[in-house]
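A quick note: this is a predicted structure, and the numbers were derived from the prediction, not measured. A, B, ... follow the sequence lines: proteins, then strands. Residue 1 opens every chain.
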Amino acid sequence: MLDLNYIRQNVAEVKAALVKLNTEAPIEEILQLDQQRRDLLKEVEALRQERNVGSKAIGKLMAEGKKAEAETQKQHMTDLGDKISQLSEMLRQIETDLEDKLLYVPNMPAPGVPEGADDSHNVEIRRWGEPRQFDFKPLPHWELGEKLDIIDFERGVKMSGTRFYLFKGLGASLHRALINWFLDVAVNEHGYTEIYPPFMVRQQAMVKAAHLPKFRDNMYYDTEEDYWFIGTAEVPLTNVFADEILEASQLPIRYVAHTPCFRREKMSAGRDVRGIKRVHQFEKVEMYHYTLPEESYAHLNEIVGNAERLCQMLGLPYRVVEICTGDLGFAAAKKFDLEVWVPGENGQGEWMEISSCSNVTDFQARRANLRFRREKGAKPEYLHTLNGSGLPPGRLMIAVLENYQQADGSVIIPEVLRPYLGGRTEIKK
RNA sequence: GGAGGGAUGCCAGAGUGGUUGAAUGGGGCGGUCUCGAACACCGCUGUGGACUUCCAGUUCACCGUGGGUUCGAAUCCCACUCCCUCCGCCA
């Protein structure tokens with residue numbers, strides 16, 4: 001959420017930003033509602049003051065035993081009360097409306113974010129590693145998975161429908177190894193505290209994390225009770241300190257959480273239908289930072305660096321891409337994606353997104369009321385939040401299987417994962 | 001699932017319709033005392049909004065959340081959420 005005062009005082013900038021973001025938001029309506037609200041508020045508050053004074057006077061009269069005078073005074077106050085409740089109701093509606101519209105305004109892009117209408121304008125920042133040259137025709141992961149009998153698509157679909165599958169045997173173990181290894185590196189080497197959060201949250205928590213109201217269509221939820229299934233650990237992690245005021249000395253806070261993620265993927269119907277790249281249920285290890293405002297960009301680099309390091313340790317070639325304004329999304333002020341190289345379906349090779357690291361600045365903080373105090377007695381300020389995948393084991397399964405496949409159809413297990421697989425070095429039929 | 005109890009400021013805990021934004025105690029901060037510290041004493045100690053701007057004020061709202069009753073609600077009524085105790089069931 002943006003600061004209403006900021007919008008009011010920087011209308012031109014906000015509108016220009018929306019154009020760059022290639023999106024729309026009801027700025028004019030917001031400004032109008034804001035003006036109406038303040039006008040009405042002034043009026044209501046004046047009346048309330050009148051009532052407060054009048055009511056106290058009645059109290060005094062009653063105490064002095066002047067019943068008759070008190071009664072006439074009451075008559076007056078009844079009218080006043082009616083007027084107040086009438087105007088308050090109007091005010092309430094305006095405020096609800098205003099709040100609602102405000103929830104649809106995206107975060108402002110940070111200065112320096114490359115401009116562009118869509119992802120074709122994202123800017124490659126750097127590359128690491130060399131895409132592998134195959135002296136045989138590499139197979140896509142779904143063929144490898146079936147040949148090795150470690151991914152079973154048919155039976156996943158049988159019980160749950162399209163975009164479901166199951167891992168089997170070493171497939172399941174490799175997946176688990178990735179998760180455990182990611183968490184261990186994060187906790188032991190990157191300084192994170194591990195969190196095991198709820199996977200279902202209240203609607204309000206979704207709003208606070210900026211996933212509602214805008215992305216309702218991509219979410220699963222219980223229709224009888226107020227439970228919403230998270231699409232990422234970012235949701236519960238944003239809510240950990242909701243409505244709290246932290247001390248500056250507690251910052252920065254680095255949390256890592258491994259959770260399942262549920263997404264309806266309605267928007268991308270028909271895309272990536274083969275394989276396990278885009279599915280309704282997947283796991284993710286997510287990094288999340290709470291920082292001082294002035295330190296958040298340094299933390300963005302740290303998060304990207306952490307994700308990169310995981311790829312390096314796995315020996316997977318990747319590139320870092322800075323996301324342009326038109327592809328930034330709703331909450332990020334600045335975002336880097338990590339794309340890992342995979343040979344893909346035809347062996348031509350493609351860059352597959354495996355991590356998205358964002359500086360959300362104070363956008364979620366304002367929605368979730370996440371604040372800190374610089375020192376005792378100081379005014380609370382909104383802190384900054386950042387998130388980044390580190391990493392999604394499902395997508396990494398694709399990268400590992402496809403990149404480490406051998407001519408005979410077996411797959412070499414990356415060295416760092418071997419201790420998690422009983423020292424095993426390959427997956428073989 | 002059944003029965004009961006509860007939710008007040010950083011914490012503990014009063015308050016049951018009329019200067020109560022809220023007693024009292026603790027904690028924290030500042031000061032006096034002291035060579036210094038402890039003790040003691042004194043003072044201060046919430047958030048958000050609107051308005052004015054002499055940056056010092058004025059004012060409104062907030063005692064789990066949302067409604068209602070009333071001239072007036074922390075206090076009465078209703079619904080919801082959460083917590084606790086007991087019983088039942090259970091991974």
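- Pairing for rG36(B) is absent, with no Watson-Crick or G-U wobble pair whose two atom distances lie under 3.5 Å.
- The C1' atoms of rU69(B) and rC78(B) are separated by 11 Å, rounded to the nearest whole Å.
- rG17(B) atom P lies 13 Å from atom CE of Met62(A), rounded to whole Å.
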N/O contacts under 3.5 Å, protein versus nucleotides 75-84 of chain B?
residue, atom, partner, partner atom, Å
rU81(B), O3', Arg202(A), NH2, 3.1
rC82(B), OP1, Arg202(A), NH2, 2.4

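- Listed by chain and residue number, nothing satisfies the side-chain hydrogen bond (donor to acceptor under 3.5 Å, both in side chains) test with Trp181(A) (two or more places apart in sequence, or in another chain).
- The same atom, C1', is picked in rG88(B) and in rA3(B); the two are 11 Å apart, to the nearest Å.
- Taking the C1' atom of each, rU45(B) and rU24(B) are spaced 16 Å apart, rounded to whole Å.
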May I have the list of side-chain donor-acceptor pairs in residues 386-402 of chain A shorter than 3.5 Å, sequence neighbours left out?
residue, atom, partner, partner atom, Å
Ser389(A), OG, Ser356(A), N, 3.2
Arg395(A), NE, Lys277(A), O, 3.0
Arg395(A), NH1, Glu353(A), O, 2.9
Arg395(A), NH2, Lys277(A), O, 3.1
Glu402(A), OE1, Gly344(A), N, 3.0
Glu402(A), OE2, His141(A), N, 2.7
Glu402(A), OE2, His141(A), ND1, 3.0

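- Taking the C1' atoms as reference points, rA74(B) lies 43 Å from rA37(B), given to the whole Å.
- Base pairing of rU81(B): its partner is rA7(B), meeting the Watson-Crick or G-U wobble criterion (both donor-acceptor distances under 3.5 Å).
- For Arg51(A), a side-chain nitrogen or oxygen approaches OP1 or OP2 of rG72(B) to under 4.0 Å.
- Here the side chain of Thr232(A) pairs a donor or acceptor atom with the backbone of Glu234(A) at under 3.5 angstrom.
- rU53(B) makes up no base pair with any nucleotide shown, lacking Watson-Crick or G-U wobble contacts both under 3.5 Å.
- Computed from coordinates, the Asp243(A) CG to rU65(B) P distance equals 11 Å when rounded to whole Å.
- Look at the P atom in both rG4(B) and rA79(B): the space between them is 14 Å, to the nearest Å.
- Counting only N and O atoms by type, the side chains of Asn122(A) and Asp327(A) include a donor and acceptor under 3.5 Å apart.
- As rounded to the nearest Å, rA61(B) and rG67(B) have P atoms that lie 15 Å from one another.
- Here rA23(B) sits opposite no nucleotide as a Watson-Crick or G-U wobble pair (both hydrogen-bonding atom distances under 3.5 Å).
- Rounded to an integer number of Å, the gap from Leu80(A) CG to rU70(B) P is 15 Å.
- With a 3.5 Å ceiling on both atom-pair distances, rG17(B) lacks any Watson-Crick or G-U wobble partner.
- Legend: side chain to side chain donor-acceptor pair (under 3.5 Å) pairs involving residues 191-203 of chain A, not counting sequence neighbours, sorted by first then second residue: Tyr192(A)-His289(A), Tyr192(A)-Asn306(A).
- Using a cut-off of 4.0 Å between Lys/Arg side-chain N and Asp/Glu carboxylate O, Lys15(A) and Glu28(A) are scored as salt-bridged.
- rG18(B) atom P lies 18 Å from atom CD of Gln73(A), rounded to whole Å.
- Shown here, rC63(B) forms no base pair; nothing in the strands shown gives a Watson-Crick or G-U wobble contact with both key distances under 3.5 Å.
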Name each donor-acceptor pair under 3.5 Å that joins a side chain in residues 148-161 of chain A to protein atoms two or more places apart or in another chain, with its distance.
residue, atom, partner, partner atom, Å
Asp149(A), OD1, Lys168(A), NZ, 3.3
Asp149(A), OD2, Lys168(A), NZ, 2.9
Asp152(A), OD1, Glu154(A), N, 3.3
Asp152(A), OD1, Arg155(A), N, 3.0
Asp152(A), OD2, Arg155(A), NH1, 2.7

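- Defined by atom type and a distance below 3.5 Å, a donor-acceptor pair is present between the side-chain atoms of Glu89(A) and Gln93(A).
- Rounded to whole angstrom, the span from the CD atom of Glu375(A) across to the P atom of rG28(B) amounts to 18 Å.
- Contact annotation for Asn52(A): backbone-only contact, meaning every heavy-atom pair under 4.0 Å involves sugar-phosphate atoms and none involves a base.
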Nucleotides 66-69 of chain B: which of its N/O atoms have a protein N/O under 3.5 Å away?
none

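- Partners of Arg371(A) under the salt bridge (Lys or Arg N to Asp or Glu O under 4.0 Å) rule, at least two apart in sequence or in another chain, do not exist in this structure.
- Glu95(A) has its CD atom 13 Å from the C1' atom of rC62(B), to the nearest Å.
- Atom CE in Met77(A) sits about 7 Å away from atom P in rG72(B), given to the nearest Å.
- Across all strands shown, rG28(B) pairs with rC44(B); the Watson-Crick or G-U wobble distances both stay below 3.5 Å.
- Legend: residues meeting salt bridge (Lys or Arg N to Asp or Glu O under 4.0 Å) with Arg374(A), ordered by chain and number and at least two apart, are Glu294(A), Glu381(A).
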Q: Between protein and nucleotides 43-51 of chain B, map the contacts as a letter string: B base, S sugar-phosphate only, - none, heavy atoms under 4.0 Å, written 5' to 3'.
A: ----SSBSS
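- Separating the C1' atom of rC62(B) from that of rA73(B) is a span of 13 Å, rounded to the nearest Å.
- Heavy-atom neighbours of Glu415(A) CD from other residues, nucleotides or ligands within 6.0 Å: at or below the threshold of 12.
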Show me the donor-acceptor pairs within less than 3.5 Å that the side chains of residues 416-424 of chain A make with the rest of the protein, sequence neighbours left out.
residue, atom, partner, partner atom, Å
Arg418(A), NE, Ile413(A), O, 2.7
Arg418(A), NH2, Ile413(A), O, 2.8
Tyr420(A), OH, Asp184(A), OD2, 2.6

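- In this structure, rA91(B) makes no Watson-Crick or G-U wobble pair, since no nucleotide meets both defining distances under 3.5 angstrom.
- For Lys334(A), the side-chain hydrogen bond (donor to acceptor under 3.5 Å, both in side chains) test picks out Glu322(A), with sequence neighbours left out.
- Taking Lys214(A) as the reference, nothing meets the salt bridge (Lys or Arg N to Asp or Glu O under 4.0 Å) condition, with sequence neighbours excluded.
- The nearest whole Å value for the distance from the CD1 atom in Ile84(A) to the C1' atom in rU59(B) is 14 Å.
- Each of Gly81(A) and Gln49(A) lies near RNA chain B, and the nucleotide nearest Gln49(A) is the one positioned closer to the 5' end.
- Comparing the same atom, P, in rG18(B) and in rA12(B) gives a spacing of 27 Å after rounding to whole Å.
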